[in-house]
There are 2 protein chains.
Amino acid sequence: MATAITPLRGRDAADTKDRLLDAAERLFAERGFSGTTMRAVTQAAGVSVSAANYHFGSKDALLAATIGRVVVPVNQARFERLAALEQAAGDGPLDLEEVLDAFLRPAIEKRGEAFRQVAARLFSDPPEVVVALKKEHFGDVSDRFVPALARALPGSDPSRVALDFQLLVGLMVHVISGQLDTNPYSGPYRVPEGEDLIRSTVRYAAAGFRS
Amino acid sequence: MATAITPLRGRDAADTKDRLLDAAERLFAERGFSGTTMRAVTQAAGVSVSAANYHFGSKDALLAATIGRVVVPVNQARFERLAALEQAAGDGPLDLEEVLDAFLRPAIEKRGEAFRQVAARLFSDPPEVVVALKKEHFGDVSDRFVPALARALPGSDPSRVALDFQLLVGLMVHVISGQLDTNPYSGPYRVPEGEDLIRSTVRYAAAGFRS
DNA sequence: GTCTATAGTTGGATAGAC
DNA sequence: GTCTATCCAACTATAGAC
């Protein structure tokens with residue numbers, strides 16, 4: 001099938017890039033990296049394959065740009081919230097729930113399924129594809145939040161805090177990837193949303209850290 | 001490149017199927033479903049593509065068989081352990097840590113990275129591929145364990161228990177998929193293994209359920 | 001900056017010999 | 001039951017017109 005794309009020559013470059021990133025975000029989220037083709041992305045964006053390669057150079061680079069656009073503002077919000085907590089605490093201890101909230105809220109709160117799921121792909125797609133991206137986008141987060149959590153748990157074993165942080169990441173990934181909706185359970189169960197979901201996750205994680 | 005497979009005509013069928021399942025298990029675990037090709041699987045197994053299609057019919061069916069071989073015995077062990085706990089408890093309440101152990105141990109304890117990671121793919125690969133498999137293999141597990149957990153938490157809100165079970169699944173997936181190893185954190189941190197890992201996960205989850 | 005057209009590769013699946 | 005050879009579709013990426 002010849003796709004017959006409207007040949008809008010004068011289309012704005014920034015607009016085309018955004019359209020591609022929007023489509024890539026949705027499709028990578030739904031189907032993963034290997035399961036998504038450049039054709040599917042460009043068709044969803046209403047542009048040609050060549051336009052995508054002109055703007056991003058390769059499928060790998062498109063993934064990196066897509067992940068970056070999703071993750072960077074989330075991490076910025078995390079750092080800002082944590083910095084505010086540290087400033088307010090002065091020399092005293094940090095509040096555990098507040099630190100967990102600073103970590104979880106920016107990720108869970110984002111509107112749009114795709115926006116959250118594509119970030120979760122960072123932890124579920126094949127290693128060779130995402131290992132560099134994970135290091136780039138998540139290394140600083142770990143290095144900032146693990147010590148902060150230790151400071152919120154006076155007298156705790158640093159190695160235990162590091163492990164519990166890894167388990168916290170497991171909770172976060174599961175929640176933001178929308179798995180709460182899809183696990184089969186036939187009993188009565190309503191998936192919480194928004195503020196409820198954030199509070200439930202903070203509650204669960206905080207108890208784990210204090211155990 | 002012509003693969004030049006040794007043409008062992010008299011090779012045993014069961015052996016070939018096992019070799020294919022072994023290879024598929026490892027590759028699906030490492031690369032996911034879309035990221036794994038039939039050629040890669042058959043080459044790793046030392047058989048031809050046709051042999052795989054003869055035995056399984058399609059790539060989809062190979063995935064279903066691979067997942068089934070991994071997950072069924074794990075779930076059997078879960079059910080046996082839970083049944084034993086219920087029998088021992090009689091009419092009294094169940095012990096939360098023991099129920100969580102019955103759920104987590106069979107999955108975490110399995111030897112072999114691939115064996116565990118391929119099960120985790122059930123929760124991370126694209127929905128259209130695994131949704132039916134997830135329902136088939138995980139529906140009964142949820143329906144058995146959610147009530148058991150509620151019984152271990154007298155007076156609890158059933159809907160809260162169902163949510164906390166979903167979070168437990170998030171912990172399990174993260175642990176068995178080996179993500180504890182790969183998240184970047186530059187501080188001191190040793191990944192626990194075996195019994196330590198099971199106990200740490202049970203501890204963390206139990207606290208969440210009790211919170 | 002965006003398109004059409006196509007190169008070059010690799011994918012899943014099958015036909016048919018043995 | 002297993003192979004070789006092959007079909008055809010779909011893939012990423014690029015060349016070149018506009």
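Each chain gets a letter, A, B and so on, in the order its sequence line appears, and its residues count up from 1. The figures that follow rest on heavy atoms only: side chains count, while hydrogens, waters and symmetry mates do not. In this text the structure is predicted, and so the values were computed from the model without any measurement.
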Within 45° of the six-membered ring axis of A/Tyr54 and under 6.0 Å from that ring's centre, is NZ or CZ of A/Lys17 located there? no
Using nucleotides 13-15 of chain C, report all nitrogen or oxygen pairs with the protein that are shorter than 3.5 Å.
unit_1, atom_1, unit_2, atom_2, d
C/dA13, OP2, B/Lys59, N, 2.8
C/dT14, O4, B/Ser50, OG, 3.1
C/dA15, N6, B/Ser50, OG, 3.4

Which residues pass the side chain to side chain contact (heavy atoms under 4.5 Å, CB included) test with A/Asn183, not counting sequence neighbours? A/His174, A/Gln179, B/Phe123, B/Lys134, B/Gln166, B/Val169
B/Asp164: salt bridge (Lys or Arg N to Asp or Glu O under 4.0 Å) partners, not counting sequence neighbours: A/Arg203, B/Arg160
Aromatic ring centroids of A/Phe165 and B/Tyr185 under 6.0 Å? no
DNA chain C-proximal residues of residues 17-27 of chain B, any heavy atom under 4.0 Å: none
The side chain of A/Ser48 is closest to which nucleotide in this list: C/dT2, C/dG12, D/dC11? C/dT2
Residues which pass side chain to side chain contact (heavy atoms under 4.5 Å, CB included) with B/Arg39, listed by chain and number, not counting sequence neighbours: B/Thr37, B/Val49
Results of salt bridge (Lys or Arg N to Asp or Glu O under 4.0 Å) for B/Arg144 - residues two or more places apart only: B/Glu86
note: A/Leu62, atom CG; D/dC11, atom P; distance rounded to Å ~ 15 Å
To the nearest 10 degrees, what angle separates the axes at the start and end of the helix from C/dG1-D/dC18 to C/dC18-D/dG1, five pairs each? 0°
Side-chain polar contacts of residues 146-153 of chain B - donor-acceptor pairs under 3.5 angstrom, sequence neighbours left out - could you list them?
unit_1, atom_1, unit_2, atom_2, d
B/Arg151, NE, B/Gly92, O, 3.4
B/Arg151, NH2, B/Gly90, O, 2.9
B/Arg151, NH2, B/Gly92, O, 2.7

Under 4.0 Å between a side-chain N/O of B/Thr37 and OP1 or OP2 of C/dT10, yes or no? no
Sequence-distant partners of A/Ala114, side chain to side chain contact (heavy atoms under 4.5 Å, CB included), two or more places apart: A/Glu25, A/Arg26, A/Ala29
By the side chain to side chain donor-acceptor pair (under 3.5 Å) test, which pairs, at least two apart or in different chains, include something from residues 56-68 of chain B? none
Can you list everything that forms a side chain to side chain contact (heavy atoms under 4.5 Å, CB included) with A/Ser159? Sequence neighbours excluded, please. A/Asp157
Excluding sequence neighbours, so at least two apart, what forms salt bridge (Lys or Arg N to Asp or Glu O under 4.0 Å) with A/Glu80? none
Rounded distance (Å) that lies between atom C1' of D/dC11 and atom CZ of A/Arg31: 14 Å
What nucleic acid atoms does B/Thr36 come within less than 4.0 Å of, heavy atoms only: base, sugar-phosphate, or nothing? sugar-phosphate
